[in-house]
Amino acid sequence: MTAIKAAFERIGEENAFAVLARAAELQRQGRDIINLGIGQPDFKTPPHIVEAAVKALRDGEHGYTDATGIAPLREAVAEDLHRRLGAEVSPDLIMIVPGGKVTMFMAIEMFGEKGVDIVYPDPGFPIYRSMIEFTGARPIPIPMREENGFAFSADETLALMTPETRLIILNSPANPTGGVTPKEEIDKLVAGLARFPNAAILSDEIYGQLTYDGLAHQTLLAYPEIRDRLILLDGWSKTYAMTGWRLGYSVWPKPWRDVARKLAVNAYSCVNAPAQFAGIAALKGPQDSVGAMRAEFDRRRKAVTAGLNQLPGVSAVTPKGAFYAFPNVSRTGWKAKPLASALLQDAGVATIGGPDFGVYGEGYLRLSYANSLENIERALERIGDYLSRPARAAAG
Ligand SMILES: Cc1ncc(COP(=O)(O)O)c(C=O)c1O
């Protein structure tokens, strides 16, 4: 058979999907599995958003659209960015894409090649590194440290940058840790970026509406000095419980937006039309479901953190954003990935081992608290029982 090009030997995956498949397989065998593995809200898309898509189909809105997205949706995104974050963004700079991931795919493709460096958070969303390696660029992980609440350290990040750095990827609030980087650290980082004018910046703010304890989301759009090299990644998946709709958006400097448009034309033409109408309803309709979801996540966040800190050998910092907890399990005597596998197989709880998010994830598990409080409590009890069994405690 003809060999596909070598770059495909370097492309990675998201293990969360493999864990989901394994959990589903065990469920088919009749096992009771509590899934804290997958990163998607367990809420339904609010009905007015669903209705907008149904209406669009009934109204005959099912043809191709502009490759950058329909104008009313791009205008609604611009208004939303202004309302929420005070950012001035022209609809001409906005690109509607099929899911948040597509922006990272495009941005990493645009800047990644042999001979350049791309710095990215570790532990971090696994597709960053996968795509960096695919392009042939050198991946430079930025350690996200527990002692910093899994926030970026501006000094440590800047120390990893060189004239070869072509792209820096930031993510706050963060997957897999729930870490939120404070404003002072972002200020310092942005100031330091002046020393690296050739580095584009990809800010993944897909969890921007999921911050807790009254923390305001700090967007990179707030810094005019980097707007000519900033790509903002956001979307509807997490905020409006719309993961399966495949709807995201990005903001680009104009010349790069035109390149992104060409990539869209070559790859998928446009985002499916009814989903775009749903996107308008989401942004322009009532926002109470966003607040209600956040309040429910907050309740679970507190319960999961308190519960984890009671487990033998486990400690967890309180996540400040997203819907993940990232407990330190290094004192259980287990390596993280064997522990995640054992918990799924023997305790019926799906979690993800920290190393699936990068080398600095060793010693941690990711638990998504996008599950009911009742299931979270049952899962914690099962994990506690499992870790307390004397034969198990030293295994792994
Ligand atoms: C940090 C981060 N960025 C982007 C995405 C991708 O979102 P989407 O499902 O809209 O492609 C995710 C999804 O889990 C994520 O955690």
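The shown structure was predicted, so the numbers you read here are calculated from the model rather than taken from an experiment. When a ligand or atom number is given, it counts from 1 through the structure's own listing order.
Residue contacts with ligand 1: Glu14 is placed with no nitrogen or oxygen under 3.5 Å of a nitrogen or oxygen of the ligand (distance criterion only). At least one N or O atom of Tyr207, backbone or side chain, sits closer than 3.5 Å to an N or O atom of ligand 1. At least one N or O atom of Asn175, backbone or side chain, sits closer than 3.5 Å to an N or O atom of ligand 1. Looking at ligand 1, you'll find an N or O of Gly100 within less than 3.5 Å of one of its N or O atoms. Where the criterion is an N or O separation shorter than 3.5 Å, residue side chain and backbone included, Tyr128 fails it with respect to ligand 1.
Shown here for Leu308 and Ala325, the closest heavy-atom pair between the two residues is CD1-CB, 3.9 Å.
A side chain to side chain contact (heavy atoms under 4.5 Å, CB included) with Tyr212 holds for exactly one of Lys320, Lys302, Arg294; it is Arg294.
Within the 4.0 Å heavy-atom shell around ligand 1 one finds Met104. Note on ligand 1: Gln40 sits outside its first shell, no heavy atom being nearer than 4.0 Å.
Taking every non-hydrogen atom of Ser237 and a distance limit under 4.0 Å, the qualifying atoms of ligand 1 come out as 8 (P), 9 (O), 10 (O).
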side-chain contact (heavy atoms from CB on, under 4.5 Å) evaluation trace for Asn309 with Val314
CA-CA 6 Å; Asn309 280 307; Val314 178; over 6 Å; no
Working for side-chain contact (heavy atoms from CB on, under 4.5 Å), residues Glu146 and Val317:
CA-CA 7 Å; Glu146 182 180 0; Val317 297; 3.9 Å; yes
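Taking only non-hydrogen atoms, the option from Arg246, Lys238, Met242 nearest to atom 13 (C) of ligand 1 is Lys238.
Remark: minimum distance from atom 7 (O) of ligand 1 to any protein heavy atom is reached at Ile206 CD1, 3.5 Å.
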